[in-house]
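Whatever order the structure lists ligands and atoms in, that order sets their numbers, starting from 1.
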Amino acid sequence: MADGWGAPAAGAVDEPWCAPSVADSHDKPTPADDSVNDMISSAVANPPLNDANSEEYKLKAAEAGWGAKMPVDYEIYNQRGGDFADYMGKGAVYEWSDDFGDVAPELPELEQHLFGGEFRIRRGGNYKALEMQVNTEGPKALAPARTFPTAGLHPVMLDNVVNKCQYPEPTPIQQYTIPAVLQGNDVIAVAQTGSGKTAAYLIPVLSRLMGKAKKLCAPKARPQGPGVRAEPLVVIVVPTRELAIQVFDETRRLCYRSMLRPVVAYGGLPLSQCLDELAKGCDILIASPGRLCDLMERPSALTMSRIKYTILDEADEMLHTDWEEELGKIMAGGDANEDADHTYLMFSATFPAPLRKLAREYMAVDHYLLRVGRAGSTHKNVQQNVIYVDRDRKRDALFDLLYTSDPARTLIFCNSKAAVDQVDDFLYNRHLPTTSIHSGRSQREREDSIRAFRSGKAPILIATGISSRGWDVANIAHVINYDLPSAMHGGINEYVHRIGRTARMGHKGLATSFYNDRDEELAQALVNVLAESGSDIPEFLAHLQPEEGAAIAFDDDSEDEPEGGAVFGAVEGGDGTEAAVGETDGFGGESAWGAAATVDDGGAFAADADNTAAASAW
Ligand SMILES: Nc1ncnc2c1ncn2[C@@H]1O[C@H](COP(=O)(O)OP(=O)(O)OP(=O)(O)O)[C@@H](O)[C@H]1O
């Protein structure tokens with residue numbers, strides 16, 4: 001790695017499409033994907049371009065402003081074999097030393113790496129267009145943390161958030177999650193894509209642990225000394241490898257200058273190297289479900305007996321039947337966890353019925369449900385276009401779309417691995433700077449694709465749904481659904497997550513979807529989402545448009561109201577009250593750093609305080 005830290009690639013280019021791609025899938029044998037071959041028949045139908053055309057397309061690509069493409073050098077995969085330093089999971093973390101005393105020093109080189117901004121998304125100018133109204137259900141009224149300095153955070157956390165990450169103020173979901181978690185409650189939080197859910201759980205959880213770090217932190221190995229058994233206090237479970245890396249990156253930033261040591265474990269990372277990292281000591285474990293269960297079978301390497309927080313990110317995605325057994329084990333905290341003081345947190349942008357069931361099963365009765373906007377809604381910063389394209393015209397339509405759009409970071413979704421390979425090859429043969437990713441690729445290939453895309457060396461990424469969840473890449477200007485998600489595979493929820501890769505944190509973005517007769521099952525749900533967000537409804541779907549002024553009947557299973565759950569905090573903007581944040585540390589009732597903070601803006605809850613004790617019944 002060029003920057004020596006082993007984490008996300010260095011070398012972002014100012015003109016993203018002007019540099020060669022490091023790696024992509026081109027010319028790689030395409031794995032057969034039997035169930036979907038008919039879905040890609042349009043791609044197969046068109047023969048590859050001949051050289052004469054190729055020259056012509058090269059000129060066209062340059063004219064349209066796209067930079068040069070680069071063939072893949074597969075030799076590098078053979079040569080690099082098992083060098084852990086090349087994996088994103090090897091990202092540098094702040095290594096605590098007992099010599100530090102009470103105040104941990106800043107480490108400029110590491111700081112530059114963690115906060116230097118290469119991949120940072122600054123809040124965009126359309127932040128206020130995000131949904132601001134938060135519905136809260138729970139044991140008592142929550143006083144929102146309107147600012148970070150008044151949120152009752154540990155000083156190191158406050159410094160990391162405000163000065164290092166430069167987050168100007170908590171997002172709506174953060175305003176309510178921070179106090180709920182600081183008070184020691186279980187929380188389900190449902191908020192739109194790109195609204196800061198990761199920091200919403202990391203900030204309060206890590207902040208609380210920082211205050212108790214000396215007492216609670218896991219044993220750490222001394223440099224050159226023997227390894228230790230990992231005894232994490234927090235386990236964060238995420239559905240995909242790439243998301244695990246991303247959450248790890250945010251955790252490394254927020255753990256900066258603390259004793260808390262994060263480790264990431266995901267399938268595809270060499271197991272021996274994962275075990276080596278754990279043996280250095282682990283307080284926060286971020287993991288994909290399969291790898292976590294594998295590690296839980298190795299009691300000499302990892303014990304879950306001290307886990308205080310179990311966090312499910314993209315919680316609804318974790319409910320796939322394939323993971324039922326794993327999830328049960330993880331939620332139960334392994335055989336060894338007998339800690340009654342165990343907090344469960346679940347986060348997602350969509351909230352289907354099985355997730356509500358899971359919450360009922362594991363969470364304390366007095367948990368909070370926090371919702372920003374309708375679960376499963378999109379926000380106005382994404383301009384959503386749906387265009388009718390016959391199956392056998394899709395490739396050409398994509399090509400035309402890319403040539404007529406401004407060259408910008410673009411994410412294209414297909415419904416199968418084979419389709420991803422086909423579309424990638426097609427565009428690559430037309431001299432577009434593409435790369436691609438799907439679960440059939442080796443981990444090294446997946447990570448190189450991400451690096452090429454993130455750095456701008458290959459600004460067009462073609463992907464399956466594995467990239468629909470949680471991915472936070474700066475400046476994705478355009479998401480294209482080459483295939484709309486089928487009703488069988490995620491349907492409208494999948495659509496919402498996919499288009500949520502653009503227009504994050506107050507930025508604007510464009511989503512274009514190719515629709516044809518095969519997508520009829522999705523049509524009504526799609527029209528509902530378009531109507532709700534004020535997007536244009538195309539002529540061919542106009543007959544499904546809800547009547548003007550009528551309530552839209554969402555049938556996506558995301559918005560069932562709780563039976564008996566008290567909604568007491570429909571709050572928007574400037575209300576406040578004595579904030580209950582920071583009152584207890586949850587590990588014995590002592591007060592945390594800084595007494596109970598006072599929220600600095602005036603106002604009152606719309607809620608009736610007497611109406612707060614009702615247990616959520618969903
Ligand atoms: N308070 C804040 N102010 C400004 N930026 C923030 C703030 N909190 C988080 N961010 C940044 O916002 C971006 C989006 O956050 P995040 O990925 O957590 O969104 P999300 O709600 O989890 O989205 P998704 O549902 O797609 O997973 C990240 O780059 C993060 O660093």
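- Less than 4.0 angstrom separates some heavy atom of Ser195 from each of these atoms of ligand 1: 19 (O), 20 (P), 21 (O).
- Close approach of ligand 1 to Thr198 is summarised as follows: ligand atoms under 4.0 Å from at least one heavy atom of the residue are 16 (P), 17 (O), 18 (O), 22 (O).
- At least one heavy atom of Gly194 sits under 4.0 Å from some atom of ligand 1.
- Of the N and O atoms on the side chains of Ser195 and Thr171, not one donor lies less than 3.5 Å from an acceptor on the other residue.
- Within the structure, ligand 1 lacks His497 among the residues with a heavy atom less than 4.0 angstrom away.
- Polar contact check, Phe148 against ligand 1: no nitrogen or oxygen pair lies under 3.5 Å apart.
- Side chain to side chain, Arg441 and Ser436 meet the donor-acceptor criterion of an N or O pair below 3.5 Å.
- Counting atoms of ligand 1 from 1 in the listed order, those under 4.0 Å from a heavy atom of Glu169 are 1 (N), 2 (C), 3 (N).
- Short contacts between ligand 1 and Gln192, defined as distances under 4.0 Å to a heavy atom of the residue, involve ligand atoms 21 (O).
- Taking only nitrogen or oxygen atoms, main chain and side chain alike, Thr193 does not reach within less than 3.5 Å of ligand 1.
- Where the criterion is an N or O separation shorter than 3.5 Å, residue side chain and backbone included, Trp471 fails it with respect to ligand 1.
- In this structure, Asp483 contributes its side chain and Asn415 its backbone to a donor-acceptor pair below 3.5 Å.
- The residues Arg241 and Glu447 are annotated as not salt-bridged, no charged nitrogen and carboxylate oxygen being separated by less than 4.0 angstrom.
- Here the side chains of Phe115 and Gln166 are not in contact, with every heavy-atom distance at 4.5 Å or above.
- Between the side chain of Tyr344 and the backbone N or O of Met331 there is at least one donor-acceptor pair closer than 3.5 Å.
- Residue contact annotation: Arg501 has a non-hydrogen atom under 4.0 Å from ligand 1.
- Between Glu314 and Lys197 there is no salt bridge, since no side-chain nitrogen of the basic residue lies less than 4.0 Å from a carboxylate oxygen of the acidic one.
- Using a 4.0 Å cut-off between heavy atoms, Met505 contacts ligand 1 through its side chain alone, with no backbone atom that close.
- Enclosure of atom CG in Asp406 is not indicated, since only 12 or fewer non-hydrogen atoms of other residues, nucleotides or ligands lie within 6.0 angstrom.
- A ring-centre distance under 6.0 Å is not found for Tyr201 and Tyr309.
- No N or O atom of Ala191 sits closer than 3.5 Å to an N or O atom of ligand 1.
- Between Arg504 and ligand 1, at least one N/O pair is under 3.5 Å apart.
- The backbone N or O of Phe413 sits nowhere less than 3.5 Å from a side-chain atom of Asn481 that would complete a donor-acceptor pair.
- Close contacts of ligand 1 with Pro168, meaning ligand atoms under 4.0 Å from a residue heavy atom, involve 3 (N), 4 (C).
- Residue contact check: Glu250 has heavy atoms under 4.0 Å from atoms 31 (O) of ligand 1.
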